[in-house]
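Here is the naming used below: chain letters follow the sequence lines, and residue numbers restart at 1 for every chain. Not measured: the values here are computed from a predicted model.
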Amino acid sequence: MTVEPGIAPAAATANREPSSQPEEGLIQLLTPEGELIGHPDYPLDLTTDDIKDLYRDLVLVRRIDTEAIALQRQGELGIWASLLGQEAAQIGSGRALAPDDMVFPTYREHGVAWCRGIDPVKLLELYRGVSHGGWAPEEHKFSLYTIVIGAQTLHATGYAMGIQRDGRETSEAVIVYFGDGATSQGDVNEAFVWAPVFNAPVVFFCQNNQWAISEPMEKQSRVPLYQRARGFGFPGLRVDGNDVLACYAVTKKAMQAAREGQGPTLIEAYTYRMGAHTTTDDPTRYRLASELEMWKLRDPIERVRAYLARGGLAGPEFFAEVEAEAKQTGARVREACRTMADPPPLAMFDHVHAEPTAILRQEREQYAAYLESFEGPENGPANEEAAR
Amino acid sequence: MTVEPGIAPAAATANREPSSQPEEGLIQLLTPEGELIGHPDYPLDLTTDDIKDLYRDLVLVRRIDTEAIALQRQGELGIWASLLGQEAAQIGSGRALAPDDMVFPTYREHGVAWCRGIDPVKLLELYRGVSHGGWAPEEHKFSLYTIVIGAQTLHATGYAMGIQRDGRETSEAVIVYFGDGATSQGDVNEAFVWAPVFNAPVVFFCQNNQWAISEPMEKQSRVPLYQRARGFGFPGLRVDGNDVLACYAVTKKAMQAAREGQGPTLIEAYTYRMGAHTTTDDPTRYRLASELEMWKLRDPIERVRAYLARGGLAGPEFFAEVEAEAKQTGARVREACRTMADPPPLAMFDHVHAEPTAILRQEREQYAAYLESFEGPENGPANEEAAR
Amino acid sequence: MTKLTLSRGLNEGLRKALENDPKVLIMGEDVGKLGGVFRVTDGLQKDFGEARVIDTPLAESGIVGTAIGLALRGYRPVCEIQFDGFVFPAFDQIVSQLAKMRYRSRGQVSLPIVIRIPFGGGIGAVEHHSESPEALFAHTPGLRVVACSDAADAFTMIQQSVSSDDPVIFFEPKRRYWDKAEVDTAGGLAGALPFDRARVAVEGTDVTLLCYGPLVRTALEAAAAARADGRSIEVIDLRSLSPLDTGTITASVRKTGRCVVTHEAPVYAGLGAEIAARVTEQCFYHLEAPVLRVGGFSIPYPPSRLEDHYLPDLDRILDAVDRTFGW
Amino acid sequence: MTKLTLSRGLNEGLRKALENDPKVLIMGEDVGKLGGVFRVTDGLQKDFGEARVIDTPLAESGIVGTAIGLALRGYRPVCEIQFDGFVFPAFDQIVSQLAKMRYRSRGQVSLPIVIRIPFGGGIGAVEHHSESPEALFAHTPGLRVVACSDAADAFTMIQQSVSSDDPVIFFEPKRRYWDKAEVDTAGGLAGALPFDRARVAVEGTDVTLLCYGPLVRTALEAAAAARADGRSIEVIDLRSLSPLDTGTITASVRKTGRCVVTHEAPVYAGLGAEIAARVTEQCFYHLEAPVLRVGGFSIPYPPSRLEDHYLPDLDRILDAVDRTFGW
Ligand SMILES: Cc1ncc(C[n+]2csc(CCOP(=O)(O)OP(=O)(O)O)c2C)c(N)n1
Ligand SMILES: Cc1ncc(C[n+]2csc(CCOP(=O)(O)OP(=O)(O)O)c2C)c(N)n1
Ligand SMILES: [Mg+2]
Ligand SMILES: [Mg+2]
C-alpha cells in the first residue's frame with residue numbers, strides 16, 4: 001500500500017462503505033430468510049418449543065429496549081444504550097449458559113441480563129441515575145454492568161482462575177462480553193494473555209456490531225477480530241451474530257470446552273448496532289442510512305419468525321400471545337420506571353467501606369445537620385432507614 | 001488438559017526444563033558451528049570486511065558489558081543490566097538500520113546504542129545515578145532508555161505516524177526493542193493495534209531471551225511470540241537471535257518493507273539472557289545451570305569467530321587487534337566512570353518545565369539558602385553554572 | 001466579539017491553532033466525523049483532513065503514548081479524552097512518560113502535548129462520567145494543569161496550551177459546555193492573561209472565594225447572593241491548578257483575612273488541601289479563620305439522582321463563608 | 001519475640017495469612033521461586049504451591065484486574081507491585097474498579113484485596129524505582145491506604161490488611177526492608193493496634209512531628225537529636241493515610257501548638273497538604289505557627305546521586321521544627 005505524502009494511510013480507507021458482507025467461514029445455522037441450514041460442527045440440540053422460547057426472548061428484550069428508549073425521550077432515564085440488532089447474539093449466547101456459569105457484561109447486555117433473570121427495572125435504575133447497579137451478582141451469576149471499556153475481561157479471567165482453584169472446572173465456566181472497539185484496549189489484550197497462560201475456563205464473547213460510537217471496525221483492526229485469539233494461543237471463531245441458533249450452538253460448545261479444561265475461546269459475533277450508540281448519539285453524522293437498510297434484511301428476529309411461520313411450527317395465536325406478553329412487560333417496565341423514587345440523600349454515604357470510617361461518618365453527620373438546617377421534617381426523610 | 005482440583009494448570013508446566021530448542025522455521029544464516037548456510041529469502045549483502053566489523057562490534061560491546069558489571073561490583077554503578085548473550089540480536093539489528101531510522105530502546109540495548117554512536121559512558125551515567133539519560137535522541141536517532149516495560153512501543157508507533165505525516169515514508173522507518181516479558185503489557189498490544197491500523201513504518205523487535213527476571217517464557221505465552229502479530233494483521237517472524245547475520249538480514253528487510261509502505265513487522269529474536277537480569281539479581285534461585293551451559297554452545301560471538309577463522313578470512317593478528325581495542329575501550333570506560341562527578345545539588349531543579357515555574361524557582365532558592373546555611377563556599381559549588 | 005458557547009470557544013481556539021501551525025494535530029476517540037461527543041472538534045476533520053484530525057483506536061494509553069511519539073517527531077498533538085473517568089488507562093503514559101521526558105533528557109526533549117479532559121458532574125450521567133481527577137495531575141511534577149471556566153478563557157487558554165512547550169492537562173467544565181459568553185475570536189493572544197495566572201473574577205473585601213472550572217459560575221452566583229446580604233466576596237478563578245498563582249491568591253487573602261476554596265473533587269487530599277496549606281503558611285497572621293474547603297465527600301461519585309447533594313452549590317458555599325465569620 | 005527485618009516481618013505475616021485462610025492468595029511478578037525482588041514472598045510458593053502463590057504475566061493491570069475477579073469468586077488476593085513506579089499501568093483497575101465495586105453494588109460485593117507497593121527512595125535506584133504515590137490513592141474514596149514503618153508493624157499490619165474486607169493499598173518503605181526490630185510472631189492480632197490508627201512513637205511536648213513509612217526512623221532520629229538540644233518533639237507514625245486518625249493527631253497538636261509533617265512525595269498537593277489543612281481547621285486557635293511541610297520538591301524524582309538532597313532528612317526536618325518556633 002503506497003501512501004500519499006502527508007496523508008496517513010488510514011485516510012485511504014476512511015470513506016469506504018463499511019464492509020457488511022459477513023465473511024466466508026462465518027458460522028450460520030439459520031439464514032436471514034429463515035432457512036435452517038445446520039452446520040456439521042454444531043448439531044442443534046433444540047426442540048421447536050425451545051426455538052419458540054428463544055423467539056419469545058428476542059421479542060421481549062426488543063420491547064424492553066424500545067420502551068427504555070421512549071422513557072429516555074420522556075426524561076425518565078438519563079441515557080439508554082440500545083441493544084437493537086444485537087438481540088440474537090445476546091439471547092443465543094445467554095440461553096446457552098448453564099445456571100452456574102458466571103457472566104461479565106458491558107453496559108449493553110440487556111438481553112443477557114434477561115436470560116439471567118435480572119428484572120429489567122434493575123437495569124433502568126442505572127440509566128435513570130438511581131443506582132450504579134444494584135443487583136446481587138452471585139445470586140444471578142451476572143456481574144454488574146461495566147462501563148470502562150474492557151475492564152471486565154480481566155475480572156472474568158480472574159473469576160475463571162478462581163473456579164480452577166475451587167476445583168470446579170468441570171461444572172462452571174465464565175463468559176465475558178465486550179464490543180469491537182474494546183479489542184483495542186490494553187486490558188482486553190492482557191486478558192487474552194492471561195486466559196491461555198492459566199488455561200482459564202473463560203469464553204470471550206465479542207459482539208462486533210461494526211461501530212464503536214462513530215468509529216467503524218477499520219479503526220480498530222485491519223483483519224477480522226476472531227483471528228486475534230490464535231496469536232495468543234487459543235481458538236477464535238466468527239459466528240453470525242444475528243442468528244440466534246448459531247450463537248446458541250457456538251457458545252454452548254465453547255463453554256463446554258472451557259469446562260473440560262480446554263481453556264478459553266474467542267467468539268466474534270458478527271452483528272450490527274441498528275440504533276444509535278446511546279440515546280445521546282446521532283449516527284447520521286457518521287454513517288449512511290443505506291447500511292442500516294441492508295442490515296434490516298438480516299434482522300435477528302424476523303428470521304426466527306419466518307422459520308417458525310413458514311414451517312407451520314407456530315401459528316398466529318403464538319405470535320399474538322408473544323406480542324401481548326411483550327406489551328404487558330413493556331407496560332410494567334414503564335410504570336415501574338415512572339414511579340421509581342430517588343434514593344434519600346444520605347444514602348449516598350452508604351457502602352463506601354465495609355464499615356464507615358470516622359471521617360466519612362463525620363461528613364455524613366455534618367451534611368445531615370446541614371440539610372436539617374433548611375428542611376423541616378415535612379420535606380421528607382433524609383436517610384434510608386427513615387424512608388422505610 | 002485436565003487439571004487437578006485446586007491446582008492451576010500453570011503448575012503443570014512450572015518445573016519443565018525451559019524449551020531451548022529453537023523452532024523449526026527459525027531463520028538462521030550462520031550455524032552455531034560457524035557454517036554459513038544462507039536462506040533463500042534473505043540473500044546476504046555483506047562483504048567479509050563487513051562481517052569482520054560485526055565481529056569487532058560484538059566483541060567490543062561484550063567487553064563494555066563486562067566492564068560495567070565489574071564497575072557495579074566495585075560500587076561505581078548502582079546497577080547494571082547486562083546484554084550478555086544478546087550481542088548478536090542487538091548488533092545485527094542495529095547495523096541493519098539506516099542513519100535516519102529512529103530507534104526506541106529498553107534499558108538493555110547497549111549494543112544498539114553502540115551502533116548509533118552513543119558513547120558507552122553515557123549509558124553508565126544512567127546506571128551510576130548521575131542522570132536519567134542524557135543524550136540527544138534526535139542527534140543519534142536513538143531515543144532515551146525506557147524502564148517502564150512496554151511504554152516505548154507506543155512512542156515508536158507515534159513517531160512512525162509522524163514520519164508518515166512528514167511524507168518521509170520512503171526514507172525513514174522506526175525500530176522498537178522490547179523483551180519477551182513485555183509482550184504481556186497492555187501498551188505493547190495497543191501498539192500492535194495501532195501500527196497496522198495506521199500502517200505505520202515501525203518494526204517491533206522482540207528479544208526473546210527466555211526470561212523476564214525469574215519468569216520463563218511460558219508465564220507470558222503458550223505459543224511462540226512471533227505468532228502474535230498475525231492476529232493483529234501484520235507479519236511476524238522468528239530469527240535466531242544469536243546469529244548476527246540473520247538478525248542483520250531480517251531487520252534490514254523488515255525496515256525496508258516499512259519504508260515501502262508495507263507497514264509493521266514483528267521480529268522475534270530467539271536468544272538467551274546468559275547473565276543475571278541485573279547485577280542485583282540471583283538467577284540460581286530460579287533456573288538451572290545446565291540451561292546456561294547449553295546456550296554457551298550457541299554463543300553469538302563464537303560462531304562468527306569460527307566462521308572467520310575456519311575460512312581463513314581473518315588471521316590471529318585480526319583477532320588480537322580486536323582484543324586490544326576491546327581492552328582499550330574497556331579501560332577508557334572504566335576510567336571515565338570512576339572519575340565521573342556527581343551533578344551539583346541544584347541541578348536537580350533544572351529542566352522540569354520549559355521555563356521554571358514560580359513555585360519551583362522558590363523551592364530552588366530556599367534550598368540554595370538552606371544549603372548555604374551549613375556549607376562554606378569551600379564545600380563546593382551548589383549549582384551547575386558555578387561548577388563550570 | 002461573538003457570543004459563543006464554551007464548546008464552540010474551544011472549537012474556534014483549536015481551529016486557530018490548526019491554522020497557525022501545521023504541526024498541530026488533534027487525536028482521540030470520535031473526534032473526526034462525529035466531532036467528539038461534546039462537538040468540541042466539530043468540523044475540524046472535514047477542514048484539516050484525516051492526517052491532522054485523527055480518529056484513534058479505542059485505547060487511551062495508545063492515544064497518549066502515540067502522541068508522545070508524534071511530539072518526539074516534532075508534532076504538537078492535542079489529545080481528547082472522552083470523559084474524565086477514562087483518563088486512567090492513560091495514567092501511566094501521562095505520569096511516567098509525558099511528565100518526565102524533559103527532565104529525563106535534561107531538557108533535550110520537549111513534549112508539547114495537550115490532553116483535553118471534560119470533567120466534573122452535574123449532567124445526570126452514569127458512573128465514570130463525572131469525575132474530577134485534577135489533584136492527581138497537580139501532584140505530578142512536570143505537568144501543567146489548567147481549567148477553563150467560560151467561552152472566552154476556553155478560546156484563549158486552549159491556544160496558549162497548544163503553544164506551550166510543556167505538557168498541559170486541560171480540564172473543561174463539561175456542564176458548562178453550552179454556557180455562552182462574548183469571545184473576541186479576532187483578537188490575538190498577545191494581550192491575553194497568561195494561562196498560568198489566576199484572575200480576580202469579582203472584587204470583594206470580606207472573604208476570598210477560590211474556585212475553578214464548573215464552580216466559577218456557582219461562585220459568582222454565590223457572590224451576587226451575598227452582596228445582596230451586604231457581604232463582599234472576592235471571587236478568584238484559579239485557572240492554573242499547577243503551578244498555582246500564589247501571588248494573586250495571597251494578595252487577596254491578606255486583604256480579606258478569610259478564605260474558602262471549592263471544587264467538585266473529594267475534599268480529602270484534594271487540591272483545596274494544597275491551597276489551604278499554602279495560604280495558611282503564607283498568610284498565617286492575616287487569617288481570621290482557617291481556610292475552609294467545600295467539595296466532594298469521601299465517597300465515589302454518587303448516582304446522578306443524588307449529585308445535587310454531592311456537588312458544592314451556592315448554599316453550601318455560603319454556609320462555609322458564614323462559618324469563616326463565626327470562627 | 002524474634003528480631004526480624006521488615007521484609008521478613010512481612011513474610012511471616014503473609015505466611016500466617018496463608019495458613020489461616022485457604023482463600024488467601026499471593027500474586028505478582030517474580031513472587032514465586034525468586035520470592036520477589038525484595039524477598040518478601042521468599043519460600044511461600046514452595047510451601048503453599050503455585051495455585052496460591054502465583055507468578056503472573058508481566059502486566060500490572062492484569063494483576064489487579066484478575067485479582068478483582070478472584071475476589072469476586074471469594075478469594076483474598078495479595079498483589080505485589082514490584083516497584084512504586086509500576087503501579088500506574090494498574091491505576092485504572094484500582095481507581096475505577098477496585099475502589100468502587102462495593103459502592104457500585106450497594107454493598108453486595110466485597111473486594112478484600114491488598115496491593116503491596118514497595119515505595120520511596122534512598123536505595124540508589126534508577127528512575128521509577130523511588131516514587132511515593134500515596135496521595136493519589138488517598139484521594140480515591142473506597143480505598144484504605146496504609147504504610148508500615150518497622151518489622152513489628154509490618155507483621156501485624158499486613159495481616160490486618162489481609163483480613164480487612166476493604167481494598168487496602170499497602171505501602172512498604174523499601175529502604176527500611178533490612179532494618180530489624182523485635183517481632184512477636186507468636187502473638188495474635190487481638191491486642192494489636194488497629195491498622196487505621198496512628199501511633200505516638202515518641203511522646204513530646206513542644207512540637208508534633210507527623211510522619212509515616214521510611215521517614216519514621218528519620219523522625220525518631222530528629223527527635224533524639226532535638227532532645228539533646230532541649231527540645232521535646234512528639235513523633236506520630238500515621239500508619240493509616242486514608243482514613244487519617246485525626247483524633248490522635250489533633251490531640252497532640254492541641255497539646256504542643258506546633259506541627260510539622262514530612263513525607264518523601266512532592267509537597268505540592270501531597271498528603272501533607274491534607275494534614276495541614278485538617279489540623280489547621282481543627283486546631284486553629286491552638287497553633288502558634290502554621291503547619292509546616294517537609295517533603296519532595298516539585299520535580300520528578302532526581303537521579304540517585306542527588307537523592308540525598310531531595311529526600312527529607314534529619315536536618316531539613318529540624319530546620320522546619322526551628323522555623324515553627326521562629327514564626
Ligand atoms: C476506557 C473507556 N474509554 C472510552 C469510553 C467511552 N465509550 C463508551 S462506549 C464506547 C464505544 C465502545 O465500542 P464497542 O466496544 O464496540 O462497544 P459498543 O458500544 O459498540 O457495544 C466508548 C468509546 C469508555 N466507556 N471507556
Ligand atoms: C511496568 C513495569 N513493571 C515491572 C517492571 C520491573 N521489571 C523490570 S525488567 C522486568 C522483566 C522484563 O522482562 P523482558 O521484557 O523479557 O525483558 P528482559 O529484562 O528480559 O530484557 C521487570 C518485571 C518494569 N520495569 N516496568
Ligand atoms: Mg461496537
Ligand atoms: Mg526477557
Side-chain angles (χ1 to χ4, degrees), chain B residues 102 104 126 131-139 143-148 150-168 172 174 176 185-187 189-191 193-195 197-198 200 202 343 347-362, chain C residues 22-23 25 27 51-52 54-75 77 89-90 92-93 95-113 141-144 164-167 196-197 240 242-247 278:
Chain B
M102 185 70 186
F104 286 83
L126 190 160
S131 97
H132 286 322
W135 56 89
E138 275 301 324
E139 188 181 307
S143 193
L144 296 178
Y145 273 11
T146 299
I147 290 171
V148 179
Q152 76 281 7
T153 56
L154 287 167
H155 307 163
T157 304
Y159 194 96
M161 291 168 67
I163 292 177
Q164 294 178 306
R165 278 160 183 73
D166 287 350
R168 305 279 302 161
E172 298 175 37
V174 177
V176 55
Q185 279 287 359
D187 273 8
N189 291 284
E190 291 190 9
V193 167
W194 287 61
V197 162
F198 291 99
V202 56
M348 76 178 162
F349 293 99
D350 295 338
H351 306 306
V352 179
H353 304 278
E355 295 294 330
T357 65
I359 284 177
L360 188 52
R361 259 201 318 271
Q362 196 188 24
Chain C
K23 293 295 187 186
L25 306 175
M27 53 198 292
R52 295 190 64 199
I54 310 168
D55 269 333
T56 67
L58 206 175
E60 288 77 11
S61 192
I63 293 172
V64 177
T66 57
I68 290 172
L70 281 156
L72 291 172
R73 181 73 189 184
Y75 287 87
D92 180 55
Q93 285 285 353
V95 162
S96 292
Q97 304 299 331
L98 183 59
K100 293 186 166 177
M101 200 84 87
R102 176 185 296 278
Y103 193 70
R104 182 180 303 154
S105 71
R106 293 174 171 167
Q108 306 198 60
V109 167
S110 242
L111 294 180
I113 294 174
L143 302 174
R144 286 181 180 271
S164 165
D165 283 336
D166 292 322
D196 56 1
R197 292 283 302 284
S240 178
S242 176
L244 208 57
D245 177 3
T246 43
R278 206 162 276 264

Toward chain B, the part of [X] with a non-hydrogen atom under 4.5 Å:
X: C/Lys100; value: neither
X: C/Ile63; value: both
X: C/Asp245; value: neither
X: C/Ala59; value: both

Does any backbone or side-chain atom of [X] lie under 4.5 Å from a heavy atom of chain C? Answer side chain, backbone, both or neither.
X: B/Ala156; answer: neither
X: B/Ala358; answer: neither
X: B/Tyr145; answer: backbone

Using a 3.5 Å distance criterion without hydrogens, assess whether the side chain of [X] forms a donor-acceptor pair with backbone atoms of [Y].
X: C/Gln97; Y: B/Ala151; answer: no
X: C/Gln108; Y: B/Pro137; answer: no
X: C/Asp165; Y: B/Ala354; answer: no

The complete set of salt bridge (Lys or Arg N to Asp or Glu O under 4.0 Å) pairs with one or both residues in residues 65-74 of chain C, sequence neighbours excluded, reads B/Asp166-C/Arg73, B/Glu172-C/Arg73
From [atom1] ([X]) to [atom2] ([Y]), nearest 0.5 Å:
X: B/Ser143; Y: C/Arg104; atom1: OG; atom2: CZ; value: 8.5 Å
X: B/Gln362; Y: C/Thr246; atom1: CD; atom2: OG1; value: 6.5 Å
X: C/Thr66; Y: B/Trp194; atom1: OG1; atom2: CH2; value: 3.5 Å
X: B/His353; Y: C/Ser110; atom1: NE2; atom2: OG; value: 12.0 Å
X: C/Leu244; Y: B/Ile359; atom1: CG; atom2: CD1; value: 5.5 Å
X: C/Leu25; Y: B/Arg165; atom1: CG; atom2: CZ; value: 6.5 Å

Chain C: which of [options] shares the most heavy-atom pairs with it under 4.5 Å?
options: B/Ala136, B/Gly186, B/Ala191; value: B/Ala136
options: B/Met102, B/His132, B/Glu138, B/His155; value: B/His155
options: B/Gln152, B/Glu139, B/Met348; value: B/Met348
options: B/Asp187, B/Leu360, B/Val193; value: B/Asp187
options: B/Val174, B/Thr157, B/Leu144, B/Thr146; value: B/Leu144

I want to check something: taking the side chain as every heavy atom from C-beta on, are [X] and [Y] in contact at a cut-off of under 4.5 Å?
X: C/Asp196; Y: B/Thr357; result: no
X: B/Ser131; Y: C/Arg106; result: yes
X: B/Val352; Y: C/Arg102; result: no

Non-neighbouring partners of B/Arg361 that pass side chain to side chain donor-acceptor pair (under 3.5 Å), sequence neighbours left out |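 Partners of B/Arg361 under the side chain to side chain donor-acceptor pair (under 3.5 Å) test: none.
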Could you have a look at C/Leu143, C/Leu70, C/Val109, C/Ile68 and say which one has the most heavy-atom pairs with chain B under 4.5 angstrom?
->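 When all of C/Leu143, C/Leu70, C/Val109, C/Ile68 are compared, C/Leu70 has the most.
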